[in-house]
Amino acid sequence: MTVRIGIVGAAGRMGRQLIEATIAHPELELTAAVERSGSSFLGADAGELAGQGPLGIGLTDDLAVACGRIDVLIDFTVPEATVANARVCREHGVKMVIGTTGLTEAQRAEIASASEHVGVVFAANYSVGVTLSLKLIDMAARVLGDDFDVEVVEAHHRHKIDAPSGTALRMGEVLAAALGRNLDECAVYGREGRTGERDVKTIGFETIRGGDVVGDHTVMFLGQGERLEVTHKASNRMTFARGAVRSAAWIAGQSQAGLFDMEDVLGLG
């Protein structure tokens, strides 16, 4: 059975990668492409935008109408749009794959509410390598414990609008859970001036923005006389796009509503 896919934010950098990845997936068919109202790309052919040749699918700004011809919507846009799109998908019974980062707790709660009615895969990062990295840092944190200081360093392109990245924050959540800490209380975001000696219970975050870096993440475990680093580097957005369409094929096969992540998709949850 072919799964009908809709992509919102289809004209963006990630949207075009998602179109390409959807076309390449043997179980999926692109049947709708959505852009924001007022976009200069409305009406353009989705396939041509992605460099894949004409598909006969014009970009639309009416998600409600598009929901009538899709099974799963893939959304890598911005928090406000994602929350609004989740409400529409909930109303029309359309499943979702969400890769948007920078959501507030209230916005996350909206996604969770939608997942009570339709299946939703919601992950900070759709890379298989990053998902495995989360398992590795969980294991390392449990073994090394409070004897090692922990820092998370991430780098992204100059156009990224949120910091730290959603992936870095997810790494922080995994670390805090493994170490028995509350991330809201122990996180330190950057350092400046006379900060005093490092508190062993903190989890530090450092953010780098510049150039065309797709996404680099390193978790550093720093002990006395030794250092362990878990690093993942993405060189192409297609890594995330392939993971997202894989998730779309997976969620389409789930019979029950619920909130899932990449660990569930990969059978690691």
Side-chain angles (χ1 to χ4, degrees), residues 1-12 14-36 41-42 44-47 49-50 52-78 81-100 110-126 128 131 237-238 240-267 269:
M1 175 181 167
T2 301
V3 179
R4 302 173 302 165
I5 300 296
I7 294 171
V8 66
M14 192 61 197
R16 299 182 193 210
Q17 297 279 289
L18 288 166
I19 292 172
E20 182 179 348
T22 299
I23 293 171
H25 197 289
E27 300 174 21
L28 308 182
E29 179 186 0
L30 183 70
T31 55
V34 182
E35 255 300 333
R36 60 179 174 78
F41 292 103
L42 291 177
D45 187 281
L49 274 178
Q52 302 300 299
L55 294 176
I57 300 171
L59 268 65
T60 178
D61 61 358
D62 195 333
L63 177 58
V65 171
C67 279
R69 54 180 183 269
I70 64 176
D71 302 307
V72 181
L73 180 73
I74 304 178
D75 186 333
F76 279 63
T77 57
V78 295
T82 297
V83 169
N85 296 337
R87 294 182 188 129
V88 176
C89 286
R90 170 180 173 172
E91 180 180 348
H92 289 82
V94 172
K95 298 176 180 180
M96 295 187 75
V97 171
I98 298 174
T100 303
E110 288 254 20
I111 302 302
S113 177
S115 73
E116 296 174 1
H117 302 268
V118 295
V120 177
V121 180
F122 182 25
N125 193 302
Y126 281 86
V128 172
T131 305
R237 287 186 181 84
M238 187 54 71
F240 313 128
R242 291 193 187 100
V245 299
R246 178 174 179 173
S247 299
W250 181 85
I251 194 66
Q254 304 306 302
S255 58
Q256 295 183 333
L259 188 61
F260 306 95
D261 59 20
M262 270 297 281
E263 290 191 8
D264 297 307
V265 174
L266 298 177

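Computed from a predicted model, the values in this text were never measured in an experiment.
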What heavy-atom pair brings Ile19 and Ala46 nearest, and what distance separates the two atoms?
-> CD1-O, 3.7 Å

Say you draw a straight line from CG of Leu18 to CZ of Phe240; how long is it, rounded to the nearest 0.5 Å?
-> 11.5 Å

Does the Glu35 side chain pair with the main chain of Leu59, one donor and one acceptor, at a distance under 3.5 Å?
-> no

Residue pairs passing the side chain to side chain donor-acceptor pair (under 3.5 Å) test with at least one member in residues 114-123, sequence neighbours excluded, are Arg90-His117

Can you check whether Leu55 reaches Ile23 side chain to side chain, under 4.5 Å on heavy atoms?
-> yes

Looking only at heavy atoms, the pair that brings Val118 and Ala257 closest together is N-CB, 3.6 Å

Output every pair passing salt bridge (Lys or Arg N to Asp or Glu O under 4.0 Å) with a member in residues 54-75, not counting sequence neighbours, ordered by first then second residue.
-> Arg4-Asp71

Report the distance from atom CH2 of Trp250 to atom CD of Glu27, rounding to the nearest 0.5 Å.
-> 14.0 Å

Under 3.5 Å donor-acceptor, Tyr126 side chain and Ile98 backbone | yes

Atom CE in Met96, atom CD1 in Ile70: separation rounded to 0.5 Å?
-> 9.0 Å

Under a 4.5 Å cut-off applied to non-hydrogen side-chain atoms, are Leu63 and Val8 in contact?
-> no

CG/Leu42 to OG1/Thr60 distance, rounded to the nearest 0.5 angstrom?
-> 7.0 Å

For Ile57 against Ala33, the heavy-atom pair lying closest together | CG2-N, 4.0 Å

Are any side-chain N or O atoms of Glu20 and backbone N or O atoms of Arg16, one a donor and one an acceptor, separated by less than 3.5 Å?
-> no

Shortest non-hydrogen contact from Thr22 toward Glu29 = CG2-C, 4.2 Å

Are any of the side-chain heavy atoms of Ile5 and Val245 separated by less than 4.5 Å?
-> no

CD1 of Ile7 to OG1 of Thr77, rounded to nearest 0.5 Å, is 12.5 Å

Would you say the side chain of Ile111 lies within less than 4.5 Å of the side chain of Val120, judging by non-hydrogen atoms?
-> yes

Reported CD-to-CG distance for the pair Gln52 and Asp45, which is rounded to 0.5 angstrom | 11.0 Å

Here the pair of heavy atoms bringing Arg87 nearest to Glu110 is NH2-OE2, 2.7 Å

Check Val97 against Ala244 and note the closest heavy-atom contact, atom names and distance.
-> CG1-O, 3.9 Å

Any side-chain heavy atom of Val128 sitting closer than 4.5 Å to one from Arg242?
-> no

Asp261 side-chain N/O to Asp264 backbone N/O, donor-acceptor pair under 3.5 Å | yes

